[in-house]
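Notes follow once the structure below has been shown.
Owing to the predicted nature of the structure, the values given are computational and were not obtained by experimental measurement.
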Amino acid sequence: MRRLVYYIATTLDGFIAGPDGADPTGPDGFWPVPEDYLRHLVAEYPETLPVQARQALSVTAEGTHFDTVLEGRRTYEIGLAAGIANAYPHLRHLVFSRTLTECPDPAVELVAGDPVETVRALKRQEGKDIWLLGGGELAGSLYAEIDTLILKVGPLTIGDGIPLFSRKAAFDPRTWTLADHTALGSGAVFLTYTRADG
């Protein structure tokens, strides 16, 4: 069965974005993207690079991890504000929203229904794993469905911002097993955890 993988960049203090929710790697962002970090993404997770980065870096690799990406409306709207209606045309792309009624790119699937039921249905389908891109609110509502965490931990703290999981996540302690780790010279660490209690 396919797994739901929350593959996300986080600060040392557990934030995925600043308080305004803007792209932390964007032009006005605070997130450093050193060369070894970028090289690791290209080599190990090429399918998670947005289309403009794939084009700029001449990345054509299909990738081995994911064939589907899920994101919430606020995360999706970051791309829209930058003029990108589908940042992941190489993946099946679902956006969860109860307020968006149409999408400028017909390949992006809008889902107004229950994220949990949608993810359970996706897990029963054939294919590679499912990438939960974010944001924290969607991750909070899907907390119990996450099978794997891949945390790209940056060597920085920001004090306040959007947490890994929104307050919508129920108090539900879970145990995770460290399955893999990669430390980069620039200070970023990639940590892969699988659920130990599920």
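Of all heavy-atom pairs between P163 and G161, the closest is CD-O, 3.4 Å. Closest approach of P104 and A85 over heavy atoms only: CG-CB, 3.8 Å. The minimum heavy-atom distance linking P46 with G63 is given by the pair CG-CA, 3.8 Å.
Hydrophobic cluster membership of Y76, counting Ile, Leu, Val, Met, Phe, Trp and Tyr whose side-chain heavy atoms lie under 4.5 Å apart directly or via other members: L80, V95, L100, V108, L110.
Applying the side-chain contact (heavy atoms from CB on, under 4.5 Å) criterion to V111, with sequence neighbours excluded, gives L94, F96, T118. Qualifying ring pair (Phe, Tyr, Trp, His ring centres under 6.0 Å) partners for Y6, counting only residues two or more places apart in sequence or in other chains: F165. Residues satisfying the side-chain contact (heavy atoms from CB on, under 4.5 Å) test with T101, not counting sequence neighbours, are none. Every residue meeting the side-chain contact (heavy atoms from CB on, under 4.5 Å) condition with T157, not counting sequence neighbours, appears here in chain and number order: L12, D13. Evaluation of the side-chain contact (heavy atoms from CB on, under 4.5 Å) rule for D172 yields Y143, R174 as partners, not counting sequence neighbours.
No side-chain donor-acceptor contact under 3.5 Å links T194 to the backbone of T148. Side-chain atoms of T177 never come within 3.5 Å of backbone atoms of A179 as a donor-acceptor pair (strictly under, hydrogens ignored).
Distance check: T192 OG1 to E44 CD gives 9.5 Å after rounding to the nearest 0.5 Å. Atom CG in L164 sits 4.0 Å away from atom OG1 in T10 (nearest 0.5 Å). Atom CD in E145 sits 11.0 Å away from atom CG in L132 (nearest 0.5 Å). Considering OG1 of T75 and CG of L138, their distance stands at 7.5 Å, rounded to 0.5 Å. Separating the CG atom in L91 from the OG1 atom in T68 is a distance of 7.0 Å, to the nearest 0.5 Å.
The cluster map of Ile, Leu, Val, Met, Phe, Trp and Tyr, joined by side-chain heavy atoms under 4.5 Å apart, puts I16 and V153 in the same cluster. Transitive grouping of hydrophobic side chains (ILVMFWY, heavy atoms separated by less than 4.5 Å) brings Y37 and Y7 into a common cluster. L4 and F66 fall into different hydrophobic clusters, where Ile, Leu, Val, Met, Phe, Trp and Tyr residues are linked whenever their side-chain heavy atoms come under 4.5 Å apart, directly or through other members. A continuous path of Ile, Leu, Val, Met, Phe, Trp and Tyr side chains, each step under 4.5 Å between heavy atoms, connects I130 with Y193, placing both in one hydrophobic cluster. Both V5 and L133 are assigned to one and the same hydrophobic cluster, defined by single-linkage of ILVMFWY side chains at heavy-atom distances under 4.5 Å.
Taking 4.5 Å as the limit, every side-chain heavy atom of K152 sits out of range of all side-chain heavy atoms of I8. In this structure, I146 and W176 have side chains that are in contact, with non-hydrogen atoms separated by less than 4.5 Å. Two residues are said to be in side-chain contact when any heavy atoms from C-beta on lie closer than 4.5 Å; I150 and Y45 meet this criterion. At a threshold of 4.5 Å between non-hydrogen side-chain atoms, the residues R195 and L149 do not count as touching.
Pairs of residues two or more places apart, or lying in two chains, that qualify as salt bridge (Lys or Arg N to Asp or Glu O under 4.0 Å) and include a residue from residues 89-117 are R92-E109, E117-R120. The stretch residues 70-83 participates, sequence neighbours left out, in these salt bridge (Lys or Arg N to Asp or Glu O under 4.0 Å) pairs: R73-E77, R74-E137. Here side chain to side chain donor-acceptor pair (under 3.5 Å) pairs that include residues 78-90, with residues two or more places apart or in two chains, are N86-H93. Screening residues 56-68 for salt bridge (Lys or Arg N to Asp or Glu O under 4.0 Å), with sequence neighbours left out, gives R2-D67, E62-K128.
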Result block: side-chain N/O donor-acceptor pairs under 3.5 angstrom for residues 25-35, not counting sequence neighbours:
from: T25; atom 1: OG1; to: D23; atom 2: OD1; distance (Å): 2.8
from: T25; atom 1: OG1; to: D23; atom 2: OD2; distance (Å): 3.4
from: E35; atom 1: OE2; to: R39; atom 2: NH1; distance (Å): 3.4

Could you give the side-chain donor-acceptor pairs of residues 181-190 under 3.5 Å, partners two or more places apart or in another chain?
from: S186; atom 1: OG; to: D36; atom 2: OD1; distance (Å): 2.7
from: S186; atom 1: OG; to: D36; atom 2: OD2; distance (Å): 3.2

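Under a 4.0 Å N-O distance rule, the pair E47/R54 does not qualify as a salt bridge.
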